[in-house]
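Notes follow once the structure below has been shown.
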Amino acid sequence: KRKKKREKAEAKRKAEVERWAAMSPEQRIQEQMKEAKQKAKSNSVLKKSKIFGTLSSNAAAKLIDIMEYERIEGGVVVCQEGAMASKMYLIVSGECEVLDGGLTKDTKEDAVFFVLKPNDIFGESALLPDKFGGVPRRKKTVRVKTDSVLMALTLTSVAFENIVKD
């Protein structure tokens, strides 16, 4: 009985490997994006954010549907403290460091305030105007960990404004 179960699992895994091998790189990215969006919806990830906490499941799903899928290499600064903000991030895989005090000349000396992990959201304040009605600014510097690759669903302030208007 166990042997049959193992064989069935192995056959399923092999079929999945063959399916991925037959895909073009663009098809793989589309498949990864689809899976990331499904996972974000099923885990109610947006509900964890102060901004989206009161959204209905249907409204949260609509926001996730319009999000883009991005791959960002390790060591890349995603948000620079004080810079204009126009996009929020939902981490699918990988990790980011939130730096206390921004970047230093020697990155080894950067003070890591905390680490963001999969299903964490950051930069959502970019979707709302600042208290004076102007363009929001980044409050912290966020960098993809050097030993990581960030896969994220992103939402621009323009896309957010368009869906809020509808």
Side-chain angles (χ1 to χ4, degrees), residues 1-80 83-98 112 114-128 138 140-166:
K1 205 175 193 180
R2 286 184 186 171
K3 186 177 179 184
K4 279 189 177 186
K5 202 173 192 179
R6 265 196 317 257
E7 288 172 353
K8 188 174 182 179
E10 181 61 28
K12 186 176 179 181
R13 188 193 66 75
K14 186 177 178 183
E16 184 66 11
V17 168
E18 288 173 359
R19 185 177 75 88
W20 275 91
M23 288 183 188
S24 69
E26 293 82 19
Q27 289 172 319
R28 287 185 193 133
I29 290 170
Q30 288 299 314
E31 187 67 21
Q32 288 172 333
M33 180 174 65
K34 182 179 161 186
E35 289 173 7
K37 288 181 177 186
Q38 287 172 342
K39 186 176 180 183
K41 289 176 189 177
S42 68
N43 291 338
S44 301
V45 175
L46 288 183
K47 296 275 197 178
K48 297 173 186 175
S49 166
K50 290 178 187 176
I51 292 175
F52 304 118
T54 59
L55 284 179
S56 69
S57 295
N58 191 32
K62 283 183 182 179
L63 276 179
I64 290 169
D65 284 340
I66 66 168
M67 295 176 97
E68 297 294 324
Y69 191 64
E70 291 188 32
R71 180 181 198 274
I72 305 165
E73 296 297 323
V76 172
V77 173
V78 182
C79 302
Q80 178 72 47
M84 291 182 4
S86 64
K87 188 187 295 186
M88 69 157 258
Y89 298 80
L90 187 163
I91 299 176
V92 175
S93 66
E95 294 182 343
C96 292
E97 301 167 317
V98 178
V112 177
F114 60 92
V115 175
L116 297 164
K117 298 180 183 273
N119 291 330
D120 284 342
I121 296 170
F122 67 94
E124 60 268 50
S125 61
L127 305 179
L128 306 171
R138 295 290 183 196
K140 292 282 183 193
T141 297
V142 179
R143 174 178 62 206
V144 180
K145 286 182 75 173
T146 54
D147 62 348
S148 187
V149 173
L150 177 68
M151 301 303 284
L153 291 171
T154 62
L155 180 64
T156 65
S157 54
V158 173
F160 180 71
E161 287 172 22
N162 288 338
I163 202 165
V164 169
K165 288 177 187 175
D166 290 342

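All values below were derived from every heavy atom in this structure, side-chain atoms included, with hydrogens, water molecules and symmetry-related copies excluded. Residue numbers count from 1 along this sequence.
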Legend entry - Lys/Arg-Asp/Glu bridge criterion (N-O < 4.0 Å) met for R13, E16: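 The answer is no: the pair does not qualify as a salt bridge.
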Legend entry - Residues E97, K145: salt bridge by 4.0 Å N-O rule: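 K145 and E97: not salt-bridged.
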Return the [atom1] to [atom2] distance between [X] and [Y], rounded to the nearest 0.5 Å.
{"X": "M33", "Y": "Q38", "atom1": "CE", "atom2": "CD", "value": "11.0 Å"}
{"X": "L63", "Y": "N58", "atom1": "CG", "atom2": "CG", "value": "10.5 Å"}
{"X": "K37", "Y": "I66", "atom1": "NZ", "atom2": "CD1", "value": "8.5 Å"}
{"X": "L155", "Y": "S86", "atom1": "CG", "atom2": "OG", "value": "10.5 Å"}
{"X": "S157", "Y": "L128", "atom1": "OG", "atom2": "CG", "value": "9.5 Å"}
{"X": "E7", "Y": "R2", "atom1": "CD", "atom2": "CZ", "value": "14.5 Å"}

Inset, instruction - Show your working on side chain to side chain contact (heavy atoms under 4.5 Å, CB included) between Q30 and K34 and close with a plain yes or no. - result: CA-CA 6 Å; Q30 288 299 314; K34 182 179 161 186; over 6 Å; no
Inset, instruction - Take M88 and I121, measure what side chain to side chain contact (heavy atoms under 4.5 Å, CB included) needs, and give me the verdict at the end. - result: CA-CA 7 Å; M88 69 157 258; I121 296 170; 3.7 Å; yes
Quick one, [X] and [Y] - any side-chain contact, counting heavy atoms below 4.5 Å?
{"X": "K39", "Y": "V92", "answer": "no"}
{"X": "V112", "Y": "V98", "answer": "no"}
{"X": "L90", "Y": "M67", "answer": "yes"}
{"X": "F52", "Y": "L127", "answer": "yes"}
{"X": "K117", "Y": "I91", "answer": "no"}
{"X": "L150", "Y": "R71", "answer": "no"}
{"X": "C96", "Y": "V142", "answer": "yes"}
{"X": "M84", "Y": "R138", "answer": "no"}

Legend entry - Smallest separation among heavy atoms of S93 and P118, with atom names: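 For S93 and P118, the tightest heavy-atom pair comes out as CA-CG, 4.0 Å.
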Legend entry - Pairs flagged by salt bridge (Lys or Arg N to Asp or Glu O under 4.0 Å) wherever residues 52-68 is involved - sequence neighbours left out: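 Qualifying pairs: K41-D65.
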Do [X] side-chain atoms and [Y] backbone N/O form a donor-acceptor pair below 3.5 Å?
{"X": "E35", "Y": "Q32", "answer": "no"}
{"X": "T146", "Y": "G74", "answer": "no"}
{"X": "N43", "Y": "A40", "answer": "no"}

Legend entry - Option from K8, K4, K3 for which side chain to side chain contact (heavy atoms under 4.5 Å, CB included) with R6 holds: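 Checked K8, K4, K3 against R6; only one passes side chain to side chain contact (heavy atoms under 4.5 Å, CB included): K3.
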Inset, instruction - Please state whether the rings of Y89 and F122 are parallel, tilted or perpendicular, taking 30° and 60° as the class boundaries. - result: parallel
Legend entry - CA sep, side-chain torsions, deciding dist, call: T154, E70, side-chain hydrogen bond (donor to acceptor under 3.5 Å, both in side chains): CA-CA 7 Å; T154 62; E70 291 188 32; 3.0 Å; yes
Legend entry - Residues S148 and E95: side-chain donor-acceptor under 3.5 angstrom: no
Inset, instruction - Run the numbers on R19 and E31 for salt bridge (charged side-chain N to carboxylate O under 4.0 Å, His left out), then give the verdict. - result: CA-CA 11 Å; R19 185 177 75 88; E31 187 67 21; 3.6 Å; yes
